[in-house]
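Data block below; observations after.
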Amino acid sequence: MALAGTTDKSVTVSIDTTTGVMADHPALERNLSGLDGLFQDTNARTALLAGGDVIVYEVYTLDRPETSGELATGTSIVYPGKVGNEYFMTKGHFHTVLDTAETYLCLSGHGYMLMESPEGEWELAEFLPGRAVYVPGRYAHRSINISPDQPLVTYFSFRADAGHDYATIETKGFRKLVVEKDGKPEVVDNPRWNA
Ligand code: NI
């Protein structure tokens, strides 16, 4: 069983590698209604919301202290779907301690990790089952699910005291977007990017 708040015991968790569910742990759900401003096409979002407030992604986290010797680790599940021509994705964030790397191992699904530095360098890494992406320090990161019907499940781990800076991305956005064009993913400039 998990020994929350202790630092001297091992912890074992069971993860369903298809669904990403971490047994006996609560998930943080991100519903479409709570993701105001994330997607470009507000009309498409409103139309989708009329049919129900779907979960866009959720995150299971191991309950560990947010201190320097600890790891923040858990699963991220981005569900299949689109808002207009944009795939379901996570909000994306920098780490508050900017120079903090993170690893993501794709357990199932198909998608991308979009990464961007404050100076505007960007990278796109493809997620396939069994493939790990090492996100370097200083790069904001966002998971994007391009599968029409499968969740994108990743297992992440990073230094537990690094924190999350969501506000910078919420204010500025990423410089690049991954959108569907002619049935395929394509990287385009973000028309709303706000320097
Ligand atoms: Ni992160």
Side-chain angles (χ1 to χ4, degrees), residues 2 4 11 13 15 17 19-22 25-31 34-35 37-39 55-79 86-146 151-178 187 190 193-194:
V11 180
V13 290
I15 297 169
T17 55
T19 65
V21 171
M22 194 182 259
H25 286 74
L28 172 71
E29 294 181 355
R30 298 287 193 193
N31 290 72
L35 297 170
L38 177 59
F39 297 100
I55 300 174
V56 176
Y57 66 98
E58 54 187 334
V59 181
Y60 288 84
T61 311
L62 200 64
D63 183 18
R64 300 297 300 178
E66 294 182 354
T67 54
S68 62
E70 293 282 335
L71 292 172
T73 189
T75 54
S76 162
I77 303 140
V78 185
Y79 289 100
E86 269 185 293
Y87 301 101
F88 277 13
M89 58 182 159
T90 62
K91 290 203 275 189
H93 59 267
F94 288 96
H95 292 141
T96 308
V97 181
L98 185 62
D99 192 15
T100 304
E102 180 164 1
T103 51
Y104 282 79
L105 171 63
C106 180
L107 302 178
S108 61
H110 188 200
Y112 290 105
M113 178 65 89
L114 177 63
M115 296 164 272
E116 184 178 293
S117 75
E119 292 75 30
E121 296 154 85
W122 64 277
E123 290 191 50
L124 195 65
E126 190 173 10
F127 276 134
L128 291 165
R131 185 177 288 183
V133 176
Y134 183 94
V135 179
R138 307 189 77 259
Y139 275 73
H141 37 288
R142 158 181 288 168
S143 302
I144 302 163
N145 184 358
I146 64 165
L152 173 65
V153 178
T154 55
Y155 179 79
F156 61 85
S157 189
F158 66 101
R159 185 177 158 148
D161 63 345
H164 292 96
D165 164 19
Y166 291 104
T168 302
I169 294 300
E170 280 172 0
T171 307
K172 292 183 157 193
F174 279 75
R175 287 169 173 83
K176 299 290 176 184
L177 299 176
V178 179
V187 180
N190 179 0
W193 186 71
N194 185 357

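Just so you know, residue 1 is the first one in the sequence shown, and it goes up from there. Atoms within each ligand, like the ligands themselves, are counted from 1 in listed order.
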Exercise for review: Quick one: which residue pairs count as a salt bridge (Lys or Arg N to Asp or Glu O under 4.0 Å) with a foot in residues 87-113, not counting sequence neighbours?
Suggested key: Lys91-Glu170
Review point. Close to the Ni ion (ligand 1), meaning under 2.8 Å, how many protein N, O or S atoms are there?
Key: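 The number of such protein atoms is 4.
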Check your understanding: Taking only residues two or more places apart in sequence or in another chain, which ones pass salt bridge (Lys or Arg N to Asp or Glu O under 4.0 Å) with Asp161?
Key -> Arg159
Check your understanding: Taking it one step at a time, do Tyr57 and Glu29 satisfy side-chain hydrogen bond (donor to acceptor under 3.5 Å, both in side chains)?
Key -> CA-CA 6 Å; Tyr57 66 98; Glu29 294 181 355; over 6 Å; no
Point to revise | Residue pair Trp122 / Arg175, side-chain heavy-atom distance below 4.5 Å | key: no
Check your understanding: Are there more than 12 heavy atoms of other residues, nucleotides or ligands under 6.0 Å from atom CD of Glu66?
Key -> no
Point to revise | Under the ring-ring contact (aromatic ring centres under 6.0 Å, His included) test, residues paired with His93 that sit two or more places apart | key: His95, His141, His164, Tyr166
